[in-house]
There are 2 protein chains.
Amino acid sequence: MSEHLLANVVTPIARQSNLGEITYERLKEIIVAGSFPPNEKLTVRSVAAALGVSTTPARDAINRLLSEGALVNEGPKTVVVPSLTLDALDEITATRLALEGLAAERSVLAVSAADIATLQRLQSAINAGLDAADYREVLRANREFHFLIYRLSGWPRLVAMIESLWLRVGPSLNELYPDFAQNRRGVSNHMAAIKGLRARDGGKVRSAMEQDIRDGYSRLKAMIEARR
Amino acid sequence: MSEHLLANVVTPIARQSNLGEITYERLKEIIVAGSFPPNEKLTVRSVAAALGVSTTPARDAINRLLSEGALVNEGPKTVVVPSLTLDALDEITATRLALEGLAAERSVLAVSAADIATLQRLQSAINAGLDAADYREVLRANREFHFLIYRLSGWPRLVAMIESLWLRVGPSLNELYPDFAQNRRGVSNHMAAIKGLRARDGGKVRSAMEQDIRDGYSRLKAMIEARR
DNA sequence: TTATGGTGTTTGATGCAACAAAATTTTGAG
DNA sequence: CTCAAAATTTTGTTGCATCAAACACCATAA
């Protein structure tokens with residue numbers, strides 16, 4: 001009985017920490033951080049050597065990223081980090097609006113005072129990062145801010161789908177610097193979201209997050225059109 | 001040049017036909033057809049033996065289905081076809097409404113007279129299947145009907161996400177028989193969708209498809225509540 | 001009957017070698 | 001110098017052996 005109770009507290013989802021999983025997470029981090037140049041070839045053996053594992057977990061990780069669209073096959077034996085095209089950005093943005101809007105709207109059903117406090121702390125971190133021009137920290141806190149809200153939806157599969165969408169815009173977000181660091185349009189959207197959460201107004205949270213996505217879209221779009 | 005044109009028509013995404021891919025497709029078919037009982041254990045070696053391949057492609061296929069949520073880990077070494085819970089149905093339905101609604105709305109941008117003719121042919125097949133009480137054929141034609149519309153969105157990644165959602169309700173759809181075979185509520189939704197496509201009215205197509213999803217939801221919900 | 005502990009079996013993960021296919025480099029003809 | 005073809009290297013896939021961990025079964029005790 002007490003065990004049953006404990007199981008509810010600790011972690012409902014069985015986590016497996018095999019090498020393939022770890023390799024996948026590490027690779028994902030590297031890609032989303034933009035550390036790996038787009039259109040540069042990725043091979044099973046080079047990933048294996050770089051991360052100190054054998055080919056099997058490396059291949060597992062690459063295939064998984066491939067099926068999520070975070071990597072793409074350019075040839076039968078050529079996988080690269082895809083560079084974001086305008087068409088792809090349009091598709092991803094429309095999908096993000098649909099899914100993140102849905103998650104945002106539901107977030108009010110479960111939000112607690114502690115959650116709101118955490119969000120405010122994250123927003124402070126974003127502001128501090130903007131002041132210090134610490135772009136990496138801004139991105140990290142921004143990401144946590146969004147996903148804390150999305151996780152409140154209580155729908156883990158939805159959150160997983162949203163994560164796979166972020167994986168596709170992630171590499172390009174890093175190219176946005178220093179525009180992103182100077183432009184504080186996102187701040188007001190986040191404040192509006194917090195306000196909506198306080199009022200338990202799902203519609204308000206949704207529209208705030210949607211606006212945040214649209215603002216990011218216009219900046220990414222300008223960046224893509226500029227590189228030529 | 002003519003090759004280029006052909007390549008655009010047949011399949012824009014480079015298909016690789018390795019054993020792992022084939023095994024994945026076969027396994028997916030089996031799962032979505034409901035041929036594999038929910039909560040029954042799946043092992044790498046049994047899949048490999050059943051499909052006549054070695055453990056590597058079998059493991060690849062299982063892992064991929066696992067990452068899509070079509071299979072779930074019940075224990076560290078226990079994977080099963082998940083039985084649809086009411087919570088999961090709610091989550092999947094809300095996500096389906098968002099994504100399939102989006103795809104349906106965009107479908108009018110590219111629809112041709114030939115597409116509409118194909119849809120009518122598929123609807124005839126659905127009607128014939130209902131008359132003949134050929135449930136499998138009804139499901140097949142229904143699936144094709146939906147995905148022909150979704151593919152018209154021109155957004156392949158969106159279609160892929162929708163496919164992964166269908167993979168999760170697929171097994172349960174088979175349990176719906178004979179209710180589904182007798183209930184023709186879906187027919188009017190499909191006719192409304194065709195009408196909307198003819199009028200190039202994206203909103204009309206969206207609401208028709210959304211209604212179709214909602215109708216399916218209420219039947220699945222009743223089924224889940226009944227099994228006890 | 002129910003819970004617990006022990007035991008043998010099954011299982012997924014991992015590393016690796018072999019192979020065919022693709023990618024790259026070199027070569028050679030014009 | 002240009003470009004196609006041949007030679008070479010690199011690469012993903014596949015199958016399989018090995019191993020630690022999980023599982024299933026059973027006996028025993030309460």
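Naming: A, B, ... by sequence-line order, numbering from 1 per chain.
- Taking the side-chain hydrogen bond (donor to acceptor under 3.5 Å, both in side chains) definition, one finds that A:Arg151 meets it with nothing, sequence neighbours left out.
- Among residues at least two apart or in separate chains, side chain to side chain donor-acceptor pair (under 3.5 Å) pairs with a member in residues 157-169 of chain B are B:Glu100-B:Trp166.
- As rounded to whole Å, 15 Å separates atom P of C:dT11 from atom CG of B:Asn73.
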Using a cut-off of under 3.5 Å, enumerate the N/O to N/O pairs linking the protein to nucleotides 17-22 of chain D.
from: D:dA21; atom 1: N3; to: B:Lys77; atom 2: NZ; distance (Å): 3.2

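- Looking at which nucleotide of DNA chain C each of A:Lys41 and B:Thr56 is closest to, the 5′-most match is held by B:Thr56.
- Projected onto DNA chain D by closest heavy-atom contact, B:Pro57 and A:Val44 fall at different nucleotides, the more 5' of which corresponds to A:Val44.
- Rounded to whole Å, atom C1' of D:dG15 lies 16 Å from atom CG of B:Leu51.
- Closest to the B:Thr43 side chain, of the nucleotides D:dG12, D:dG15, C:dT11, is C:dT11.
- For A:Tyr150, the ring pair (Phe, Tyr, Trp, His ring centres under 6.0 Å) partners are A:His146, A:Phe147, not counting sequence neighbours.
- Residue pairs meeting the salt bridge (Lys or Arg N to Asp or Glu O under 4.0 Å) criterion with at least one member in residues 103-115 of chain B, sequence neighbours excluded: B:Glu105-B:Arg206.
- Taking atom CG on A:Leu42 and atom P on D:dT10, their separation rounds to 18 Å, with Å as the unit.
- Straight-line distance from the CZ atom of A:Arg59 to the C1' atom of C:dT14: 13 Å, rounded to whole Å.
- Under the side-chain hydrogen bond (donor to acceptor under 3.5 Å, both in side chains) criterion, B:Thr78 pairs with no residue, sequence neighbours left out.
- The residue B:Ile62 sits apart from the nucleic acid: no heavy atom pair falls under 4.0 Å.
- Residue pairs satisfying the salt bridge (Lys or Arg N to Asp or Glu O under 4.0 Å) criterion with at least one member in residues 135-146 of chain A, sequence neighbours excluded, are listed as follows: A:Glu137-A:Arg140, A:Arg140-A:Glu144.
- With sequence neighbours excluded, no residue satisfies salt bridge (charged side-chain N to carboxylate O under 4.0 Å, His left out) with B:Asp134.
- Spacing between atom CG of A:Asn18 and atom P of C:dT14 amounts to 5 Å, rounded to whole angstrom units.
- Between the C1' atom of C:dG12 and the CD atom of A:Glu21 lies a distance of 14 Å, rounded to the nearest Å.
- Mapped onto DNA chain C by nearest heavy atom, A:Glu74 and A:Val53 fall at different nucleotides, with A:Val53 at the one closer to the 5' end.
- Close to D:dG15, at under 4.0 Å from its OP1 or OP2, lies a side-chain N or O of B:Ser54.
- B:Ser46 places no side-chain N or O within 3.5 Å of a backbone atom of B:Leu42 that could act as its donor or acceptor partner.
- Under the side chain to side chain contact (heavy atoms under 4.5 Å, CB included) test applied with B:Thr95, the options B:Ile92, B:Leu99, B:Leu97, B:Thr93 reduce to a single match, B:Leu99.
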Summary of protein contacts for nucleotides 3-9 of chain D, nucleotide by nucleotide, where a base hit scores B, a sugar-phosphate-only hit scores S (4.0 Å, heavy atoms): -------
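- Residue contacts shown for A:Ile22 are absent, as no nucleic acid heavy atom lies under 4.0 Å away.
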